[in-house]
There are 2 protein chains.
Amino acid sequence: MALQQDIKVAVDAVVFGYESKGNLSVLLIKRGVEPFKNTWALPGGLVLEDESLEAAVKRELKEETGVTIDYLEQLYTFGKPKRDPRNRVISISYFGLVRPNHFKIKADTDADEAKWFSVNDLPKLAFDHKTIFNTALKRLKAKLLYQPIGFDLLSAEFPFSDLEHLYATILGEDIDRRNFRKKIMSFDFVEETNKIAQQGSGRPAKLFKFNKKKYDALLNDGFYFDIKFV
Amino acid sequence: MALQQDIKVAVDAVVFGYESKGNLSVLLIKRGVEPFKNTWALPGGLVLEDESLEAAVKRELKEETGVTIDYLEQLYTFGKPKRDPRNRVISISYFGLVRPNHFKIKADTDADEAKWFSVNDLPKLAFDHKTIFNTALKRLKAKLLYQPIGFDLLSAEFPFSDLEHLYATILGEDIDRRNFRKKIMSFDFVEETNKIAQQGSGRPAKLFKFNKKKYDALLNDGFYFDIKFV
DNA sequence: TATATTTGTGTTAATACTACACAAAATAAA
DNA sequence: TTTATTTTGTGTAGTATTAACACAAATATA
């Protein structure tokens, strides 16, 4: 066959941020080079020759924003011939969910600036990154309904309302507090502690904790969390 | 940045075959060139410079097996540095489901031979194609439970048992005929005709047909088919 | 004519989901 | 110090869905 092929391979990361009482946000960089210089974009870049895709996306993320993240899930591969005006670049996209205040954002040479943006108030994005973002948000919401992925984002011990708020924020809609609580508790991997939150106003809340061991055991058994009703 | 990168981009197709009373099968080619010469592999190959990923996978499939298919869904992108012994190749994999007897299988120069194999009796596969296959099978089963993807595989008018059999075959387990029928009929896109099957033994069956219009309308409304119980 | 095969059909019990409101415990304000 | 505000914690009843289950009818085949 002996076919000449010159296609570049890139990775892009859609990193969502959530923190208590906060909004859902996404991490963007302002591009420091052409094309799309000074336009906001998803962090990402070309894969090195001997580097796995996962390693590449984590490296780029680290370089461009200072954020290190250990779980990113592959989202989709975008490969339209003209998605990059320079030459053919296919992009394997990943997404993840973190607590923004765990990181000190820090841009490097390729990226002038890195910043969290509320998902409800995004700037114009470079390339087809809006499409990638939309795909990621849709997937994040869908995933939340059958896997309680949000627990990493809470404190080790948290009031139940934090979890409610997380779901409501990501899904972008209110949930029935009683039904939600019943459902989550039925899974049996959230446990009540005997501690009480140091609180602001209102009745003080019991603190709960996530039993990762039980959760992982269930996952391994192929258990399927059905939070669809929310 | 000016980074030299020489990574090849390939696509691979996991094409499942099902036909009435048949097994679930998958389309493989016997490689005619090194590496893995004479080993069975998924059809696929390098993407051309100005060709979309979807176009590439359809083209390769056509070239290597003679099968044309209009709906392939992106599955996953495999990119471990050493997955191809020659040089770095990442593969974007796709999967689809067809009726084998709709096609005359025909190999070309790159592939000595193309053949359907029962998924329960696969030969050793080249590269990481076994992993790709496993991923595809898992996804196919999962998908079947929330989208009735199998209707394309049936005759335009089919006895209900054909549909039952399709589900049982793909899922690899028996289903409750009554409950399954009730569930499917509740979706309201399968309609009874007044025709009767020309049959073999047993009580003759009414023929049903799939109302694609209704189905598409539901899909567009974001409807979610829940066949999870099967 | 008897046997085997396949289709067609309904009910009941158990489970899961939805919708909904108010008292209790604390802080903040008057 | 009293009152208002905020937030937590909790139960039930009606509805819908699921799961489990068996036998008669219609035909082909032996």
Side-chain angles (χ1 to χ4, degrees), chain A residues 19-22 144-146 148 154-155 157-169 171 173-209 218 223-230, chain B residues 19-22 144-146 148 154-155 157-169 171 173-188 190-210 218 223-230:
Chain A
E19 49 202 329
S20 277
K21 314 286 164 180
L144 201 65
L145 296 184
Y146 66 89
L154 304 176
S155 309
E157 300 187 326
F158 55 89
F160 216 92
S161 57
D162 273 15
L163 188 58
E164 279 166 34
H165 185 257
L166 183 149
Y167 268 77
T169 301
L171 297 175
E173 55 188 283
D174 283 354
I175 58 182
D176 183 300
R177 286 169 53 233
R178 273 183 289 192
N179 291 341
F180 179 74
R181 187 159 173 156
K182 266 182 290 183
K183 183 78 170 207
I184 294 288
M185 292 313 279
S186 77
F187 295 145
D188 214 44
F189 51 70
V190 170
E191 290 166 1
E192 197 172 323
T193 69
N194 48 15
K195 298 189 196 145
I196 300 284
Q198 306 308 318
Q199 76 284 350
S201 83
R203 174 173 174 173
K206 290 179 205 151
L207 294 180
F208 292 79
K209 66 180 177 187
L218 284 173
F223 188 76
Y224 186 84
F225 305 102
D226 217 337
I227 323 182
K228 249 209 277 39
F229 76 89
V230 188
Chain B
E19 47 202 332
S20 278
K21 313 286 163 180
L144 200 66
L145 297 184
Y146 66 88
L154 305 176
S155 310
E157 301 187 325
F158 55 88
F160 216 92
S161 55
D162 273 14
L163 189 58
E164 280 165 33
H165 184 256
L166 184 149
Y167 268 77
T169 301
L171 297 175
E173 56 188 282
D174 283 355
I175 58 182
D176 182 300
R177 286 168 54 232
R178 273 182 287 191
N179 290 341
F180 179 73
R181 187 158 173 155
K182 266 182 288 182
K183 184 78 168 207
I184 294 289
M185 292 312 280
S186 78
F187 296 145
D188 214 43
V190 170
E191 290 165 1
E192 196 172 323
T193 69
N194 49 16
K195 298 189 196 145
I196 300 283
Q198 306 309 319
Q199 75 283 351
S201 82
R203 175 173 173 172
K206 289 179 204 152
L207 295 180
F208 292 79
K209 67 180 177 188
F210 178 51
L218 284 173
F223 189 75
Y224 187 84
F225 306 102
D226 219 337
I227 323 181
K228 248 209 276 40
F229 76 90
V230 188

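Reminder, nothing fancy here: chain letters follow the sequence lines and each chain counts from 1.
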For B/L218 and B/D188: C-alpha separation, side-chain torsions, deciding distance, then whether side chain to side chain contact (heavy atoms under 4.5 Å, CB included) applies.
CA-CA 10 Å; B/L218 284 173; B/D188 214 43; 5.7 Å; no
Show, in sequence, the C-alpha distance, side-chain angles and deciding distance for A/M185 and A/F160, and conclude whether the side chain to side chain contact (heavy atoms under 4.5 Å, CB included) test is met.
CA-CA 10 Å; A/M185 292 313 279; A/F160 216 92; 3.6 Å; yes
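Looking only at side-chain heavy atoms (C-beta outward), A/I184 and A/R181 stay at 4.5 Å or farther from each other.
Across the protein-nucleic acid pair, B/D226 atom CG and C/dC17 atom C1' stand 13 Å apart, rounded to whole Å. One atom, CE of A/M185, and another, C1' of D/dG11, lie 16 Å apart when rounded to the nearest Å. Atom NE2 in A/H165 sits roughly 11 Å away from atom P in D/dT8 (whole-Å rounding). The interatomic distance linking B/D174 (CG) with D/dA20 (P) rounds to 13 Å, in whole Å. Spacing between atom CZ of B/F180 and atom C1' of D/dC21 amounts to 18 Å, rounded to whole angstrom units. In this entry the distance linking CD of A/Q198 with P of C/dA25 reads 17 Å, nearest Å.
The CG atom of B/L154 sits 5.5 Å away from the CG atom of B/L163 when rounded to the nearest 0.5 Å. Note that the NZ atom of A/K182 and the CG atom of A/D176 stand 7.5 Å from one another [nearest 0.5 Å].
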Which nucleotides of nucleotides 2-10 of chain C have their base under 4.0 Å from a protein heavy atom (B), which only their sugar-phosphate (S), and which neither (-), written as one string 5' to 3'?
---BBBBBB
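Checked against the 6.0 Å centroid threshold, A/F225 and A/F189 count as a close aromatic pair.
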